[in-house]
Amino acid sequence: MFKKFAIAVPMTLLALSASMAFAADESRTSINITAEIPSKVFHAQPVDLDFGKDERMQYQIGAGTLSEVRGTYDIQHTNGSVGAYVVGGPTPLFNGNATLNIPLTYTFNGTVLTADSQEVVGDTESNGGMRADLVITADKPGNNQVGVYTANPVVMFDAIPRI
């Protein structure tokens, strides 16, 4: 009977000490992984995966203007050209009072975007893939346009089929 008791005690102590050590030394890392693999036929995506998440137009005191927002995109369409537009039209900077909106101009690859889709990358250029910039500029704010302004535009790219 002594043997059975002698063997059981060390296992119990071992189990208790192991669980206490595990809890004291535990460390956890949560990792969220996303992978977006674009189509080989058509895609338009920012080179910088963080572009669009939190862009700032910095007020430039000397000039009284706002800095531009610029993002470079990888563009490809092997079956035609690429069009783009701003959903609902060019979204202005807004501070809660629509009479104080600051107009924004959206330009992609040198073409000013509107609410209507228009070609921004030609058939020949888009076939092999290329890079082009989306540039957003603001009108110069007036003296009464102060405070925090925001805009949440959606720029859409569409595949224009070859005719």
Side-chain angles (χ1 to χ4, degrees), residues 22 25-163:
F22 180 70
D25 294 333
E26 184 178 68
S27 178
R28 175 185 293 212
T29 301
S30 179
I31 300 170
N32 297 314
I33 299 173
T34 301
E36 184 175 338
I37 301 169
S39 162
K40 302 292 186 243
V41 175
F42 171 75
H43 67 268
Q45 62 186 28
V47 173
D48 176 0
L49 298 178
D50 286 331
F51 178 74
K53 291 184 180 174
D54 190 22
E55 303 304 322
R56 282 187 67 84
M57 290 186 144
Q58 188 67 38
Y59 184 71
Q60 300 166 335
I61 294 175
T65 59
L66 294 167
S67 63
E68 67 183 22
V69 169
R70 179 180 295 267
T72 302
Y73 280 70
D74 281 330
I75 303 290
Q76 183 173 21
H77 184 211
T78 59
N79 294 332
S81 57
V82 177
Y85 62 98
V86 181
V87 175
T91 305
L93 286 169
F94 177 71
N95 75 343
N97 181 347
T99 64
L100 296 175
N101 282 354
I102 301 172
L104 295 176
T105 302
Y106 301 79
T107 306
F108 189 82
N109 197 31
T111 302
V112 175
L113 304 181
T114 65
D116 300 316
S117 181
Q118 57 191 317
E119 184 178 287
V120 293
V121 179
D123 190 348
T124 305
E125 298 85 15
S126 68
N127 278 305
M130 63 173 286
R131 286 196 168 167
D133 286 344
L134 171 66
V135 181
I136 305 169
T137 56
D139 284 7
K140 186 174 182 175
N143 291 334
N144 63 338
Q145 292 173 307
V146 297
V148 176
Y149 281 77
T150 61
N152 295 302
V154 175
V155 176
M156 293 291 292
F157 296 91
D158 51 280
I160 301 172
R162 188 176 296 123
I163 298 174

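When reading the values below, keep in mind they use all heavy atoms of this one structure, side chains included, and skip hydrogens, waters and symmetry mates.
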Would you say Met130 and Asn109 make side-chain contact, with heavy atoms under 4.5 Å?
yes
Between atom CZ of Phe42 and atom CG of Asp158, what is the distance when rounded to the nearest 0.5 Å?
6.5 Å
Looking only at heavy atoms, which two atoms of Tyr85 and Ala115 are closest? And how far apart?
CD1-O, 3.7 Å
Between the side chains of Asn127 and Thr78, does any donor sit under 3.5 Å from an acceptor?
no
Hey, could you give me the CD/CD1 distance between Gln45 and Ile37, rounded to the nearest 0.5 Å?
10.5 Å
Would you check, one step at a time, whether the test side chain to side chain contact (heavy atoms under 4.5 Å, CB included) holds for His77 with Val41?
CA-CA 5 Å; His77 184 211; Val41 175; 4.2 Å; yes
Kindly give the heavy-atom pair with the smallest separation between Gly64 and Pro141, and that separation in Å.
O-CD, 3.4 Å
Take Tyr149 and Leu100, measure what side chain to side chain contact (heavy atoms under 4.5 Å, CB included) needs, and give me the verdict at the end.
CA-CA 10 Å; Tyr149 281 77; Leu100 296 175; 3.6 Å; yes
Using 0.5 Å steps for rounding, measure from the CZ atom of Phe94 to the CG atom of Asn101.
6.0 Å
Could you report the tightest heavy-atom contact between Ala151 and Pro92, atom names first, then the distance?
CB-O, 3.4 Å
Donor + acceptor pair across side chains of Thr99, Asn97 (<3.5 Å)
yes
For the student: nearest non-hydrogen atoms of Gln118 and Val112, plus distance
NE2-O, 2.7 Å
Could you work out, with side chain to side chain contact (heavy atoms under 4.5 Å, CB included) as the rule, every residue matching Ile31, not counting sequence neighbours?
Thr29, Ile33
Quick one: pull up OG1 in Thr65 and OH in Tyr59 and give me the separation to the nearest 0.5 Å.
7.5 Å
Atom CG in Asp139, atom CG in Leu66: separation rounded to 0.5 Å?
9.5 Å
Closest non-hydrogen atom pair, Met57 against Ile136
CE-O, 3.3 Å
Rounded to the nearest 0.5 Å, the OG1 atom of Thr72 sits from the CZ atom of Arg131 at a distance of 7.0 Å
Can you list the steps and then say if Phe108 with Val155 is a side chain to side chain contact (heavy atoms under 4.5 Å, CB included)?
CA-CA 10 Å; Phe108 189 82; Val155 176; 6.0 Å; no
Find out whether Asn152 and Thr91 are in side-chain contact, i.e. whether some heavy atom of one side chain is under 4.5 Å from a heavy atom of the other.
no
Under a 3.5 Å threshold, yes or no: a donor from one side chain and an acceptor from the other, between Thr137 and Glu68?
no
Non-hydrogen atoms of Pro46 and Tyr73 that approach each other most closely:
N-CD2, 3.5 Å
Results of salt bridge (charged side-chain N to carboxylate O under 4.0 Å, His left out) for Lys53 - residues two or more places apart only
Asp50
Quick one, Phe51 with Leu49, criterion side chain to side chain contact (heavy atoms under 4.5 Å, CB included). Give me CA distance, side-chain angles, the key distance, then yes/no.
CA-CA 6 Å; Phe51 178 74; Leu49 298 178; over 6 Å; no
Would you indicate whether the side-chain heavy atoms of Ile160 and Ser81 approach each other to under 4.5 Å?
yes
